[in-house]
Amino acid sequence: MAEGFTRKTGVTSSHWGAFEVDVEGNRIVATRPFSQDPHPTSIPDILPAAVHHHTRVLRPSIRRGWLEGGDRKGRGADSFVELPWDEALDIAATEIDRVRTRHGNEAMFGGSYGWSSAGRFHHAQSQVHRFLNTIGGYVASFGSYSTGCAQAIMPHVFGVNFLNLVYEHQDSWQTLCDHTETLVMFGGINPKNAQVSMGGITEHDTAGWFDRFAQKGMRCINIGPQRTDAPDGCEWLALRPASDTALMLALAYVLEDEALTDKAFLSRCTVGFEQFRPYLMGQVDGHPKTPDWASPLCGVDAETIRTLARRMARTRTLITVAWSLQRGQHGEQPYWMSAVLAAMLGQIGLPGGGVGYGYGAIGGVGKSLMGLRGMTFSQHQNPVGTVIPVARIGDMLRSPGQLYDFNGKRAPYPDIRLIYWAGGNPFHHHQDLNSLHDAWQKPETIIVNEPWWTATAKRADIVFPATTPYEREDIGRSNLDDYLFYMPQLIPPVGEARDDYDIFTGLARRLGCEDAYTEGRRAQEWIEHLYSDYRRSAAEQGVELPELETLKERNWVRLPIQIEGPNRTLFAPFREDPDGAPLATPSGKIEIFSQTIAGFGYDDCRGHPVWLPPDEWLGTASAASPLHLVSPQPGDKLHSQMESALADVPGARPVEIVIHPDTASQRGIQSGDLVRVFNARGACRARARVSEDIGPGVVALPTGAWFGDPGLNIDPHGNPNVLTLDVGTSRLGQGCSAHTALVEVARL
């Protein structure tokens, strides 16, 4: 770090990228963009206020009702008693031991979401899971709210782990620029979302690539309810939410009806088109999936659909699918159907053609880098084999013992007595938060490590104050980025905050397994150990990394891991030789029809993609709830992080809801008006922004506002998840259905 008279400056990394930090005394006073970032994000601007905000948890705190008698009903409204660290750790360790002794480790749920720090060692998810595994295991979760549905369906279609597909095997932006002629973006490609990436994204360049696409003359078509889901200059087809599958089917119908389908590719590289075709052509249900059939469902003119299908067939076309499409009821269908449509075009495996998933969802997708893995703090093996889909937490708490279906298996929900949460805020990202609040009262004990008094911390029984990434040292590195950072400790811990590692070490010591958890290392020694292994592994791949002390002095380095020349193309080896390089599906090919899925017997996810309208969409709108709500990611923060400080900015809260002029005028709403957004599940306040950048009958309210206190008849800050539907995408995927919600909006 460079040191002046009273101010010192250093560079650190985060999930939204690198930035410079100014420190005076024990306080962060300012941030500035990182010099190597061509389009820096403004997210760090609020960081000085957030780190030192009055909502920081300063000392170990135990909810009064739980401490005095084990009361569970006061979560969210009760007061807290501050205790010394040793006493609080003693109480927590005794309770953990009581639950695992009396009910078994199957009665403990380990919650985390992995976004709390870009540092490789102080990764909250690894820390909490390692601790719980060390003491005998815990009930775990599968997938994420972002991609859980896709993680279930896509291995059946392509035989590939979905996250590996997204992060390691898709065409680079350069390959798209060199080869793609038509970019068809279902759900758009949004530079706003690309501000963040797991482990950090140093050079924000998504918008810059679209400038190059425009210079080249690539035709970029944004298909979705919001114009702003793609950069300026892209064409916009204002699609009704949840109707993407209907449009894809209509495009496929045109290909088949006009003899534009690549039958040779289907024969060589796929199975099941003969089962799918009768449904497509209407021989099964009497409804041919023509553009005229799809147009009233999706809101796109029939002739526009025909013209687009013909262009896709005669040009090098890449279909991209946003993660948002699978975050809704029947979210499996657009993901599966996009693969079928790309297969019918016959361009899968060609540079800049076929289908891609998650471009713009996070900043790292589209980078062309050598894989350089490492610096992972081992979570150990979980002795408990029970795993639930991540978005079914509410159901698990409400209905222990109830049988549920998931991806071909049926199992009972476990009876959870204790939840340990670190590194996440479920009262930000879960659906139907009022219902979750009620379910949250069921467990006997909830323990949370948290820097701030979030809605989750307020609803805990034991809260341990955790440090932020700026109050400890770490190494910042992402497999999707080519920069390596030493993340210095910039300030002392605020209040009595401790690292997650120190907290779990203290608990492990009391439970008799400190050596198994720490392996005899302090946090600094773990960082040195992990970096040493990483440096050795990199050398074996021909990449020389600086020694740790040198990295500390330099603060950051750019790694020589960029792939020069042609990028690896998704499924290119398979396309060249389907028999010699088969996929890991049962057939070895792309499965347009899956005998495996058909064998599950699910009526909400059949053997091939079909049009299944959700319970709530514009096709089922009523006078009480006539508008379709979409809840995109926020642009001013990562999920709900630093929301407490943002809420202090004059005029910044409640969150803006985007409304079409026709929708607004019918309700007497103008930009800037405070409005009530409501349905049978709940209500929240928002501030209206009237814009033609959203389709009629659709409203958009970003996520990220902190959920309010219990007992309020309206959430004050604008959290859309008081309105969303908490049902699984289907019995196959059981993902979250955040974009399945009808609402009404009225002036306040």
When you compare the side chain of Arg606 with that of Ile597, does any pair of heavy atoms fall below 4.5 Å? no
In short, side-chain hydrogen bond (donor to acceptor under 3.5 Å, both in side chains) pairs touching residues 617-632 with sequence neighbours left out are none
Cationic N near anionic O, under 4.0 Å, Lys289 to Asp257: no
Requested in this report: Give me the ring orientation class for Phe427 and His437: parallel if the planes are under 30° apart, tilted from 30 to 60°, perpendicular past 60°.
Outcome: perpendicular
If only side-chain N and O atoms count, and only distance matters, is there a donor-acceptor pair under 3.5 Å linking Gln329 with Ser737? no
So salt bridge (Lys or Arg N to Asp or Glu O under 4.0 Å) across residues 705-716, not counting sequence neighbours, yields Lys458-Asp709
Problem - Flag, side chain of Arg459 to backbone of Trp440, donor-acceptor distance under 3.5 Å - result: no
Q.
Does Gln666 have more than 12 heavy atoms from other residues, nucleotides or ligands lying within 6.0 Å of its CD?
A. yes
**Report entry** Audit row: Trp293, Tyr253, ring pair (Phe, Tyr, Trp, His ring centres under 6.0 Å) steps and yes/no
**Finding:** CA-CA 10 Å; Trp293 165 84; Tyr253 181 92; 9.3 Å; no
- Do the side chain of Gln347 and the main chain of Leu318 share a donor and acceptor less than 3.5 angstrom apart? no
Tested for side-chain hydrogen bond (donor to acceptor under 3.5 Å, both in side chains) against Thr729, the lone hit among Glu332, Gln326, His330 is Glu332
Exercise. Go through the side-chain N and O atoms of Thr41 and Gln195 and say whether any donor and acceptor fall under 3.5 Å apart.
Key: yes
Electrostatic pair Arg398-Asp438, nearest N-O below 4.0 angstrom: no
Answer yes or no: is there an ion pair linking Arg667 with Glu744, defined by an N-O contact shorter than 4.0 Å? yes
Practice item. Measure the acute angle between the ring planes of Trp115 and His639, then classify it against the limits of 30° and 60° as parallel, tilted or perpendicular. Key: perpendicular
